[in-house]
Number of protein chains: 2
Amino acid sequence: MVDLGPYDVLLSVAELGSMGRAAERHGVTQAAVSARIRSLEGALGVTLLERSPRGTRLTPHGALVADWARVAVDAAEALDAGVTSIRSEQAARLRVAASLTVAEYLLPRWLVALRTEHPETSVSLSSRNSTDVAADVLAGAADLGFVEGPAVSDDLDAQVVARDRLTLVVAPGHAWASRRRGIDAERLRATPLVAREHGSGTRAFLEHAVGALARPALELASTTAIKGAVAAGVAPAVLSSLVVAGELAVGTLVAVPVVGVDLDRRLVAVWPRGRPLAGPAAELVGLATRRRE
Amino acid sequence: MVDLGPYDVLLSVAELGSMGRAAERHGVTQAAVSARIRSLEGALGVTLLERSPRGTRLTPHGALVADWARVAVDAAEALDAGVTSIRSEQAARLRVAASLTVAEYLLPRWLVALRTEHPETSVSLSSRNSTDVAADVLAGAADLGFVEGPAVSDDLDAQVVARDRLTLVVAPGHAWASRRRGIDAERLRATPLVAREHGSGTRAFLEHAVGALARPALELASTTAIKGAVAAGVAPAVLSSLVVAGELAVGTLVAVPVVGVDLDRRLVAVWPRGRPLAGPAAELVGLATRRRE
DNA sequence: TGGGGTCATAAGCTGCGCTTGTGCCCCTGA
DNA sequence: TCAGGGGCACAAGCGCAGCTTATGACCCCA
């Protein structure tokens, strides 16, 4: 497996314009940075940085590698932020409960942003289904919750932090893939889909919007597995736009319009009614909200 | 920086259902896998795998971590595949020249797929602008090229491998963000944008489609920098849908419809006319094409 | 002409993660 | 009922990657 360390320092060097300053940011010596970059260049047989006595800039090769590296490093940081938040022994300043879609796709990046803006804030995350999240917040087991759909309880204050849209996706070769005029609710109801197991918030929302569904063609435990099955041509599926954005852009999956049904959904932060948000909770909600408005 | 190694083996264990088989896949001993997973669990204070004498399955915590990890591991593999392809000393079986959008966003994943399907195929990649790509292929300096837009030369055969669409994006707080009826060509022409430097294929395509543009508000060298500037509210920008898919999904950027202008674009593979595609080149084009139809 | 900035190189040490070898547990099948 | 095989865990020992420290070379500017 690739060691992202050298790429991380490459990005710092590119951003800061000097190996010495990058070394400082990473808490190591300038010699260590120099050696890391050199060995990376050695492995590639290509120079990535143009050194000068006044500093350092990316070569064209370096710029391409840096662009690739940024994606990987960002993903690794999101993983790390997520993983840190489920570390159990910590005395967390902020306890968050989140439904799966939020926990899987949005929270890690929010946590990365929170970590850079407020490094002193430690977060503990538990991933539950939407009703459990509300229960945890009401019971005081969590300071802040994130759920899909309209807020569930009158005892909770809520604020919309993001939106998504349930999206009907098929494999590129599927008959529906080129269907411009879309699929209506009746047709959708009658079609066996690849679905998550019962109890999933997404599945409940879909049934609420279009009515009772046909028996699933296949039930799978993870979103990733569902995407795989759809791409392999097993059956269509309905998933959050957040989940399939990458695949749609690249063309691995194709979105099919669904007509006559409102599949827009709000992702909301919830907390006990009457108690104004303060401290780390307010910071996190603010940061999540700022990402969209 | 996070070490992705343990996460990579976690994914293998989850997929294969046993530490021993995961060890075999990674070419290490079962003891090494066991130790890696244990230390990962130790660092988290949470068990990720449910061991039994018949094998091993993910716990709920494990499933969440695995979903996060998959994103990071995939990104790292794409980085590695890309980086391997610019390694200079290799005797490549296939020399590819690609324009920036393709090289940056699509090729790494194609290379990952190619590596798993045909591990013996080594690829060398050079990233050029569209006219240079065509020239390289014609001159025999590259076996295969990838360019944006309609094929440039009559001496080249071409095949569409993907599509994208130039997308007008603004910061979520921008006045245009909530503008449902869109922006027309005239308005767009009159607005200073954040743009890449002259010579970029995307910029040329845009000028061809809407006409001469206003002087840019800011010229930047990398797509990433442009996205950052747009999100910071400097000015709107027009970028490939491939480039902004992630940001649009998460809400960091907002797409504004452009009316009366066709911004759809084809990304095509090109090779010398008359010489039918064969061997590794055919495999790569086929694989790239299969991802969308 | 010296001082502050840049990066490179060399020598030495430390610690992480591997392998090998073993033990224990459970299921299965003769 | 017991042997065998497949599952995972633990302990001891080793090798190497990457760090630090120390120094040198180079360039620019005051």
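Quick caveat: nothing in here was measured; it's all calculated off a predicted structure. A, B, ... follow the sequence lines: proteins, then strands. Residue 1 opens every chain.
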(message) Taking ring-ring contact (aromatic ring centres under 6.0 Å, His included) as the definition, give me every residue that meets it alongside A/Trp110, ordered by chain and number, with sequence neighbours left out.
(response) A/Phe146
Expected list for residues 13-24 of chain B: side-chain donor-acceptor pairs under 3.5 angstrom, two or more places apart:
unit_1: B/Glu15; atom_1: OE1; unit_2: B/Arg25; atom_2: NH1; d: 3.3
unit_1: B/Glu15; atom_1: OE2; unit_2: B/Arg25; atom_2: NH2; d: 3.2
unit_1: B/Ser18; atom_1: OG; unit_2: B/Gly20; atom_2: N; d: 3.2
unit_1: B/Ser18; atom_1: OG; unit_2: B/Arg21; atom_2: N; d: 3.1
unit_1: B/Arg21; atom_1: NH1; unit_2: B/Leu16; atom_2: O; d: 3.4
unit_1: B/Arg21; atom_1: NH2; unit_2: B/Leu16; atom_2: O; d: 3.3

(request) Using the heavy-atom set of chain B and a strict 4.0 Å cut-off, write down the first and last nucleotide of DNA chain C that makes it in, 5' to 3'. (result) C/dG17 to C/dC27
(request) Return the set of residues passing side chain to side chain donor-acceptor pair (under 3.5 Å) with A/His26 (not counting sequence neighbours), or none when no residue passes. (result) A/Ser12
(message) Working to the nearest 0.5 angstrom, can you tell me the gap between A/Leu4 CG and A/Asp74 CG?
(response) 10.5 Å
(message) Given 3.5 Å as the limit, does a donor-acceptor pair link the side chain of A/Trp68 with the main chain of B/Ala103, or not?
(response) yes
(message) Filter on salt bridge (charged side-chain N to carboxylate O under 4.0 Å, His left out), then keep only pairs touching residues 51-61 of chain A, sequence neighbours left out; what's left?
(response) A/Glu41-A/Arg51
(request) Round to a whole Å and report the spacing from CZ of B/Arg51 to C1' of D/dC10. (result) 13 Å
(request) List for me each residue that meets side chain to side chain donor-acceptor pair (under 3.5 Å) alongside A/Ser240, sequence neighbours excluded, and say none if there are none. (result) A/Asp164
(message) Please check: side-chain N/O of B/Thr59 versus main-chain N/O of B/Leu48, any donor-acceptor pairing under 3.5 Å?
(response) yes
(message) Just to be sure I follow the notation: if a pair is Watson-Crick (purine N1 to pyrimidine N3 plus N6-O4 or O6-N4) or a G-U wobble (N1-O2 and O6-N3), each under 3.5 Å, what dot-bracket string does DNA chain C give, with | for pairs to another strand?
(response) ||||||||||||||||||||||||||||||
(request) Starting at CZ of A/Arg70, measure out to OG1 of B/Thr224 and round the result to the nearest 0.5 Å. (result) 4.5 Å
(message) So if I define the base as every atom that isn't primed, P, OP1 or OP2, how would nucleotides 18-30 of chain D read as a B/S/- string at a heavy-atom cutoff under 4.0 Å?
(response) SSBBB----SS--
(message) The criterion is salt bridge (charged side-chain N to carboxylate O under 4.0 Å, His left out); which residues satisfy it with B/Glu50, sequence neighbours excluded?
(response) none
(request) Report the residues that fulfil side chain to side chain donor-acceptor pair (under 3.5 Å) with B/Arg95, sequence neighbours left out, ordered by chain and then residue number. (result) B/Asp143
(message) Going by the rule side chain to side chain donor-acceptor pair (under 3.5 Å), which residues pair with A/Asn129 if we only count those two or more places apart in sequence or in a different chain?
(response) A/Thr131
(request) Give, ordered by number, those residues of residues 55-63 of chain B having at least one heavy-atom distance below 4.0 Å to an atom of DNA chain C; if nothing qualifies, reply none. (result) none
